[in-house]
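Okay, structure first, notes after.
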Protein chains: 2
Amino acid sequence: MQPGTPEEAWREDCAPRRVLEVFATKWTSMILHTLHARHGGNARTGVLQRSLPGISKKMLIQTLRELEASGLVQRHVHDRVPPAVDYTLTPLGALMVQPIELVYDWARANANALDQLEPRPTSRRR
Amino acid sequence: MQPGTPEEAWREDCAPRRVLEVFATKWTSMILHTLHARHGGNARTGVLQRSLPGISKKMLIQTLRELEASGLVQRHVHDRVPPAVDYTLTPLGALMVQPIELVYDWARANANALDQLEPRPTSRRR
DNA sequence: CAGAATCCTTAAAGATACTG
DNA sequence: CAGTATCTTTAAGGATTCTG
């Protein structure tokens, strides 16, 4: 290790930072958790949307496509009219759900303590 | 529970979502973790900056101020020349570090599996 | 129902320069 | 060393409309 280099530096490509990126996109964690928790890893588009109050159709589809591209989710099209599509977690997706569940469970367990947390002045995200 | 209402909906103000907001701001988790892990909950500005490769001075100060406003961090000014300032975790900050450590430790333990994770096409975050 | 295609707004993040 | 003060960029997130 170089002198001056922190022993525990957050290297730009370190594992924790890669996981943080999953949390960084607004709906990602919620979609993965919903897929995992409510539907045995399988849910149709409409069900997902109803499970996530406030999400727009655009953000839902867009996030799902990104998750698909990252290999976390698989998309299944059923050849019917009207169209039916569902999404399942891939093995990698099931893995990535683990830290999400850790956070989710922790938040549930500490819900009351979290009331002390004042929202940031600006209040929202991008 | 109403018909059609998802049993496990992500209410807009639910505890998990409030925690997710902490993760949403890019440097928040890394600062809190660094404060917790490397310095016994106490570090000076310069040390923090050197611990976070890629952070700009602006983002460091700005994020620290937001953490202070949220009651997660306390700022201590030492009356000297040149100036010396350090930051410590508040009890609430120490609490919020918990889920961060969960994620961090999980990421470390699964670092190799995370190599399969392809970065999103757009690649970055907010 | 699922989704594609646009357009738009804003805030997050960064770059740079200056100060006590 | 710690911290302002600007300015700029970019993309995240949303709203709306249209289609098979």
task = Choose from D:dG3, C:dA13, C:dC1 the nucleotide whose nearest atom is closest to any side-chain atom of B:V85.
result = D:dG3
Using whole Å, report how far [atom1] of [X] lies from [atom2] of [N].
{"X": "B:E66", "N": "C:dA11", "atom1": "CD", "atom2": "P", "result": "12 Å"}
{"X": "B:W27", "N": "C:dA13", "atom1": "CH2", "atom2": "P", "result": "9 Å"}
{"X": "A:L64", "N": "C:dC1", "atom1": "CG", "atom2": "P", "result": "16 Å"}
{"X": "B:R17", "N": "D:dG13", "atom1": "CZ", "atom2": "P", "result": "12 Å"}
{"X": "B:K57", "N": "D:dA5", "atom1": "NZ", "atom2": "C1'", "result": "13 Å"}
{"X": "A:I61", "N": "C:dA4", "atom1": "CD1", "atom2": "P", "result": "7 Å"}
{"X": "B:H76", "N": "D:dG3", "atom1": "NE2", "atom2": "P", "result": "12 Å"}
{"X": "A:K26", "N": "D:dG14", "atom1": "NZ", "atom2": "C1'", "result": "9 Å"}

message = Taking any heavy-atom pair under 4.0 Å as a contact, classify B:R80: base, sugar-phosphate, or nothing.
response = nothing
task = Look at all strands and tell whether A:T45 reaches a base, only sugar-phosphate, or nothing, counting heavy atoms closer than 4.0 Å.
result = sugar-phosphate
ask   = When you check the phosphate oxygens OP1 and OP2 of C:dA2, does a side-chain N or O of A:R44 lie under 4.0 Å from one of them?
value = yes
inquiry  = At less than 4.0 Å, is any side-chain N or O atom of A:Y87 found next to OP1 or OP2 of C:dG3? Yes or no.
reply    = yes
query = Considering heavy-atom distances to DNA chain D, does B:R75 or A:S56 have its closest nucleotide positioned more toward the 5' end?
reply = B:R75
message = Regarding C:dG14, can its base be found pairing with the side chain of B:K58 as donor and acceptor, where the two atoms are less than 3.5 Å apart?
response = yes
ask   = Between A:P82 and B:M59, which has a closest nucleotide on DNA chain C that is more 5'?
value = A:P82
When you measure from the side chain of [X] to the backbone of [Y], do you find a donor-acceptor pair of N or O atoms at a distance under 3.5 Å?
{"X": "A:R18", "Y": "B:L117", "result": "yes"}
{"X": "A:T90", "Y": "A:G93", "result": "yes"}
{"X": "A:R75", "Y": "A:R65", "result": "no"}

task = Mind running side chain to side chain contact (heavy atoms under 4.5 Å, CB included) on A:Q74 and A:Y87 for me, showing each step along the way?
result = CA-CA 6 Å; A:Q74 183 147 20; A:Y87 296 87; over 6 Å; no
ask   = Within a strict 4.5 Å, meaning less than it, do heavy atoms of the A:L72 and A:L89 side chains meet?
value = no
